[in-house]
Amino acid sequence: MTTIKLHNTKTRKREDFVPIDSDNVRMYVCGPTVYDRAHLGNARPVIVFDVLYRLLRHVYGPDHVTYVRNFTDVDDKINARAAESGRSIGEITAETTQWFLDDMAAVGALEPDHMPRATAYIPQMIEMIEGLIAKGHAYAAEGHVLFAVESYKEYGALSGRSIDDMIAGARVEVAPYKRNPMDFVLWKPSDGDTPGWDSPWGRGRPGWHIECSAMSYELLGAHFDIHGGGNDLMFPHHENEIAQSCCAHPGAGFANYWLHNEMLQVEGKKMSKSLGNFFTVRDLLDHGVPGEVIRYVMLSTHYRKPMDWTEKKADEAKRKLKSWYDLVKGVEASKASRIIIDNLAEDLNTAFTLRQLDQLAGDIVHNDKFDGQFEAGVPNAPQMARSSSELRSEFKASLQLLGLIGDEVPSWSEETAFDLSRFQRSLEAARSVAMQTKDFSGVDQIKNMLIGAGVQVQMSKEGVEVIAGPNFDPTKLEALE
RNA sequence: GGCGAGUUGGCGGAGUGGUUACGCAGCGGAUUGCAAAUCCGUGUACAGGAGUUCGAUUCUCCUACUCGCCUCCA
C-alpha cells in the first residue's frame, strides 16, 4: 500500500500518514462563511484538499474515507449583509451556499461526504459550551460565554505563540468582562434584529470557532485524522478549535495531522478588496477561464507555497490542457499511473505530478509514431513496450485522479463549430496556382488575413489545414468575404 | 511587536550532500514556396557570508531581501 507523507503543522515535520482506522479515514476542512461569492483564494484549499481526498480514496478505497467540510451560516458578516440588502439571512445563506457548490464543482472539486451547516448544530454547540463551563474552561459573563485561555496550557502550541507574546502586540477586542484579553467568545447575546437561539445564557448566537469543534465531534468523533484549512486560519481559528475540542474531550487527541495551505496572490500581490485585485471564481469562469484551467494553475504550485495567479499561467494551462485532452478523446480510462500516485503521496507534490503527466503525454506522442508497426512486420520498426491505447487509458485515469477531466473531454477544448472550409478551399486553390506560377503573394495575402482573425494556418505537402486558434474572431473573417 | 514561509537559469517551477528535473520563451537544425505545427538538438542557475564535510545549491549559524498571518479576507 502507498504510504502518504504529509507535512504536519502541529509538528512542523513531514510525517508518514498513519490513519487511526484505515477502514474509515476521517478529514475535516474548514469551509466558507456563506455571505458572498467565493473568491479565487477560497478555491485554493478546496482544490488542495480535494486532491488529498481523491488520493485518500484511491489508497484506502472510496468507501473508507469520510470528508467533512462545513458551511458557516451564522456570522456577523452575514447579518451585516442582510441588514444592508434588506434580504433575509436564510435567503442569503441558501443562495450563497448553492453558488459555492456550483463554483467548486466547476473547478472539479468532489463534494465532501458531509457538508454540515452550523445552524443545524446549535444544540450540540450549547452542549459543548456547557461542558466547558462545567470543567472550568469557560465562564459566563454579561450574557457572553468566554473560553478561558489560561485554563488550557497548550494554548498557542499550533501556531507557536505564547499567551504573553500575543497580549504584547495584541489586536484583540478589549472587553471588561474578559478575565484575560485573549479569552474568546463561545456564545454572545443577540438583540431583536440578530438571529438567536435560546440558551442557558439567554437568547444568543455562537462565536466563530465553536461550530467547527461541535460539528467535527458530531460527524467524525473526538479523535480523527486530518484537519485542514488555509494558514490564515491557524491563528486564531484552529488554535481556538483545539482549545475547545481538547478541553471538551480531554485525552481524545482531536486531529492528528494539521494541514495548512499557503495564501494566494494575484500578479505578485496579495489579493484583497482594498487593493482592487479581488475577483471571484465566478468572475473567471464568466470571462472564459475554464474551471479545469483554474484547477491546473492551482496545482502547479505546491500547496504550502504562496501561489501567484497570473494571466500568463492561465494561458499556459489552457494550452497544455488542450493538448492533453486531444490525446484522450473517446478514450476509456484504466488505472492511474504509479508515478502519479507516488508523487501525490509526497505531501501532495502536485507541481511535479503535472510535469510527470506532461512526460506521459510526450510518451504517447512518441509511441504513436511506431505503434503496432513492429507487430505488423514493418522493417526496422522498434517494439514498443506498451501500446498507445494502453498509455492513453492510463493517462486519462491519471488526469481523472487529479480531477482535471471527468468522463468526457470538456467542451471548451473542442474546436469552434465555425465552418472554415470555404476559406480552406480558396486558400488551397490559390496555393495550387501559385505552386505553378511561383507567385505566392496572393496566397500570403489570404493566409495573413486568416492569421489576423486568429486562425491557425498549416500548409504541408499533403494539403492545407485551417484551425480556429485560441483567439479566433469570426467577425474579422466577415471582412474577407 | 509576535508567528511563519520563502530567496534556484529570461520567466514559471521541482529536486538532490558529489552525476546540473521539467514547462514556456530563446537559439541552432530538419521540414516548409515562406510560415505555422511537429520533430531533433541546445541552457552548468541555485541571495550573500561563515561553518560542518574529502566535497554543499542541498546540513548548521548569521546577514540581507521578499511574502504572508496576527484586521476585512481562506
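Throughout, a chain's letter reflects where its sequence line sits, starting with A, and its residues are numbered from 1.
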If the threshold is 4.0 Å, N to carboxylate O, is there a salt bridge linking A:Glu150 and A:Arg179? no
Do A:Asn240 and A:Gln244 have side-chain atoms, one donor and one acceptor, less than 3.5 Å apart? no
Would you say B:C3 has OP1 or OP2 under 4.0 Å from some side-chain N or O of A:Asn231? no
Picking from B:A14, B:G12, B:G68, which would you name as closest to the side chain of A:Lys313? B:G12
When the distance from CG of A:Leu357 to P of B:G13 is rounded to whole Å, what number comes out? 18 Å
Measuring from the side chain of A:Lys270 (C-beta onward, heavy atoms only), which nucleotide among B:C67, B:C69, B:C34 has the closest atom? B:C69
Taking the side chain as C-beta and beyond, is there a heavy-atom pair between A:Leu401 and A:Ile341 under 4.5 Å? yes
Ranking A:Met307 and A:Gly31 by the position along RNA chain B of their nearest nucleotide, the one closer to 5' is A:Met307
Relative to the ring of A:Phe254, is the ring of A:Trp258 parallel (under 30°), tilted (30 to 60°) or perpendicular (over 60°)? tilted
Would A:Tyr28 and A:Tyr67 count as a close aromatic pair, with their ring centres under 6.0 Å? no
Rounded to whole angstrom units, what separation is found between the CH2 atom of A:Trp309 and the P atom of B:G12? 16 Å
In terms of side-chain heavy atoms of A:Gln458, which of B:G4, B:A37, B:A14 is nearest? B:A37
A:Asn79 side chain near A:Pro195 side chain, heavy-atom distance below 4.5 Å: yes
A:His260 and A:His238 aromatic ring geometry - parallel, tilted or perpendicular at 30°/60° bounds: tilted
Is A:His39 side chain donor-acceptor paired with the B:A74 base, going by distance under 3.5 Å alone? yes
Between B:C69, B:A5, B:C39, spot the one nearest the side chain of A:Asp232, thanks. B:C69
Give the B/S/- string for nucleotides 20-30 of chain B, one per nucleotide from 5' to 3', where a protein heavy atom under 4.0 Å of the base yields B, of only the sugar-phosphate yields S, and otherwise -. -BBSS------
Under 4.0 Å: is that the gap between some side-chain N or O of A:Thr301 and OP1 or OP2 of B:G13? yes
In whole angstroms, the gap separating P of B:U16 from CG of A:Asn349 amounts to 9 Å
With the side chain of A:Val443 defined as its heavy atoms from C-beta on, choose the nearest nucleotide among B:A74, B:G13, B:G33. B:G33
Dot-bracket notation for RNA chain B is requested: 5' to 3', Watson-Crick or G-U wobble pairs only, both distances under 3.5 Å, with ( ), [ ], | and . as defined. (((((((..(((.....[...))).(((((.......)))))....(((((..]....))))))))))))....
Separation of A:Met298 atom CE from B:G12 atom P, in whole Å? 18 Å
Contact class for A:Lys305 vs. all strands (heavy atom < 4.0 Å): base, sugar-phosphate, or nothing? sugar-phosphate
Any chance CD of A:Glu84 has more than 12 other-residue heavy atoms, nucleotides or ligands included, within less than 6.0 Å? yes
Which of these nucleotides, B:C34, B:G4, B:C67, is closest to any side-chain atom of A:Asp444? B:C34
Hey, which sits more toward the 5' end of RNA chain B by its nearest nucleotide, A:Phe440 or A:Pro45? A:Phe440
